[in-house]
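Structure, as structure tokens:
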Protein chains: 2
Amino acid sequence: MHYDFADARAASYRLDEQVGFLLRRASQRHLAIFAQRLPGLTATQFAALAKLCQLGPTSQNALGRATAMDAATIKGVADRLRARGLVEARPDPDDRRRHYLSVTDEGRALYEASAIAAVEISTETMAPLSASEREALLALLAKLG
Amino acid sequence: MHYDFADARAASYRLDEQVGFLLRRASQRHLAIFAQRLPGLTATQFAALAKLCQLGPTSQNALGRATAMDAATIKGVADRLRARGLVEARPDPDDRRRHYLSVTDEGRALYEASAIAAVEISTETMAPLSASEREALLALLAKLG
DNA sequence: TCAATACCATTTGTGTACGAACGAAAATGA
DNA sequence: TCATTTTCGTTCGTACACAAATGGTATTGA
């Protein structure tokens, strides 16, 4: 049997050295920590809530862009936040395509009560890293945006 | 109105500096590149296929552990790989709970034909980074496992 | 004015991803 | 031997994430 380049290539493929795999594992770690520290609110839901608090009334798609979510994704997230009374939607009188989303008092209260935990979740996720390593990781990930 | 610590905290929360958000965005970037370069096979499916090629016949849950997938998740992935004829399942005579998974000839051929692209996807995902930055990122992400 | 274009929200379908619970089967220990 | 515990595969429910298609609305530019 002759030496097969495809075999050599395939044998040398190391899953645990691929970015995609490592990103997936790191995300799993983060989501597990988030669910434990802030149960009842997912990471994406918190991201949307936080952005909406800071931006003020915003259209649904615009909020999606601000939080790196697809139009179809932000819809589901917004629906769940509305169902829980954290966010409310009103039609835009100037543009009948738009639904303005805004945070309710309850939503703002939950956001403010959760902000500390949210930051702690970030540091806990990166707990295996030193302070300078954490900085480096954030800078490197930001470059991939 | 008195100075409110919660307000200050909430105002200083920066979504785009949180690991979770950056990890999500980096994963989106990676998955988009993967889907473009290797259409018809998802990143998770390829990971399972690759591991199974390297491990040889393996039980479903064991393959899940090797690829960092939940038992419920690996089941769906394995089902789709089996439906496409890339993987086949056989009962383990020694342990009647087990289904041994193994790669078909077609599955192995697809894996070997895709291995180059898989590595290129990794480097393309990290294209905005220099060689040393890529090394650093992989090392930092590995520490979070 | 009218047509092309862009944007908004929604729906459908597929594929992860996890928790929780289940029955069957195996391994362990007293 | 018997009871406890663990493992294996499965199912259900919830929540992202994206592609693609739809229909409504606004903007623009000829």
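Throughout, a chain's letter reflects where its sequence line sits, starting with A, and its residues are numbered from 1.
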inquiry  = Between B:Met126 and B:Leu137, is the side-chain contact (heavy atoms from CB on, under 4.5 Å) condition met? List the steps.
reply    = CA-CA 9 Å; B:Met126 296 190 287; B:Leu137 178 61; 4.0 Å; yes
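Checked by atom type and distance alone, the side chain of A:Arg134 pairs as donor or acceptor with a backbone atom of A:Leu129 at under 3.5 Å. Between the side chain of A:Glu133 and the backbone N or O of A:Ser130, at least one donor-acceptor pair lies under 3.5 Å. With hydrogens and angles ignored, the 3.5 Å screen pairs no side-chain donor or acceptor of A:Ser114 with any backbone N or O of A:Glu112. A donor-acceptor pair under 3.5 Å links the side-chain atoms of B:Thr104 to the main chain of B:Gly85, judged by distance alone. Between the side chain of B:Gln54 and the backbone N or O of A:Arg14 there is no donor-acceptor pair closer than 3.5 Å.
Listed by first then second residue, pairs satisfying side chain to side chain donor-acceptor pair (under 3.5 Å) with a partner in residues 117-127 of chain B read A:Gln18-B:Ser122, B:Arg37-B:Glu120, B:Arg37-B:Glu124, not counting sequence neighbours.
In this structure, CG of B:Leu81 is placed 11 Å from P of C:dG15, rounded to the nearest angstrom. In this structure, CZ of A:Arg98 is placed 12 Å from C1' of C:dA6, rounded to the nearest angstrom. Distance NZ (A:Lys75) to P (D:dA19): 19 Å, rounded to an integer number of Å. A straight line from CG of B:Asp92 to P of D:dC8 spans 11 Å, rounded to a whole angstrom. In this entry the distance linking CZ of A:Arg65 with C1' of D:dA17 reads 17 Å, nearest Å. Atom CG in B:Leu101 sits about 7 Å away from atom P in D:dG9, given to the nearest Å. Taking atom CD1 of residue A:Ile33 and atom P of nucleotide C:dA17, one finds them 18 Å apart after rounding to whole Å. Distance, A:Tyr100 OH to C:dA9 C1': 15 Å, rounded to whole Å.
Judged by distance alone, the side chains of B:Tyr111 and B:Glu106 never bring a donor and an acceptor atom under 3.5 Å apart.
Using a 4.5 Å heavy-atom cutoff, the side chains of B:Ile33 and B:His30 are not in contact. By the 4.5 Å heavy-atom criterion applied to side chains, A:Leu110 and A:Arg84 are counted as neighbours. At least one side-chain heavy atom of B:Arg24 sits under 4.5 Å from a side-chain heavy atom of A:Met69.
Using a 4.0 Å cut-off, no side-chain N or O of B:Asn61 falls inside it from OP1 or OP2 of D:dT7.
Annotation: side-chain hydrogen bond (donor to acceptor under 3.5 Å, both in side chains) contacts of B:Thr42 (sequence neighbours excluded): B:Thr44.
Interface residues of residues 18-29 of chain B facing DNA chain C, ordered by number: none; criterion, heavy-atom separation under 4.0 Å. Within residues 66-74 of chain B, the residues approached by DNA chain C to less than 4.0 Å at the level of any non-hydrogen atom are B:Asp70, B:Ala72, B:Thr73, in residue-number order. Within residues 37-50 of chain A, the residues that have a heavy atom under 4.0 Å from DNA chain D are, in order of number, A:Thr42, A:Thr44, A:Gln45.
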Per-nucleotide protein contact string for nucleotides 22-29 of chain C, where B marks a base within reach and S marks sugar-phosphate only (heavy atoms under 4.0 Å, - for neither) = --BBS---
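Under the 4.0 Å criterion applied to side-chain N and carboxylate O atoms, B:Arg96 and B:Asp92 are not assigned as salt-bridge partners.
Aromatic ring centres of A:Tyr13 and B:Phe46 lie closer together than 6.0 Å.
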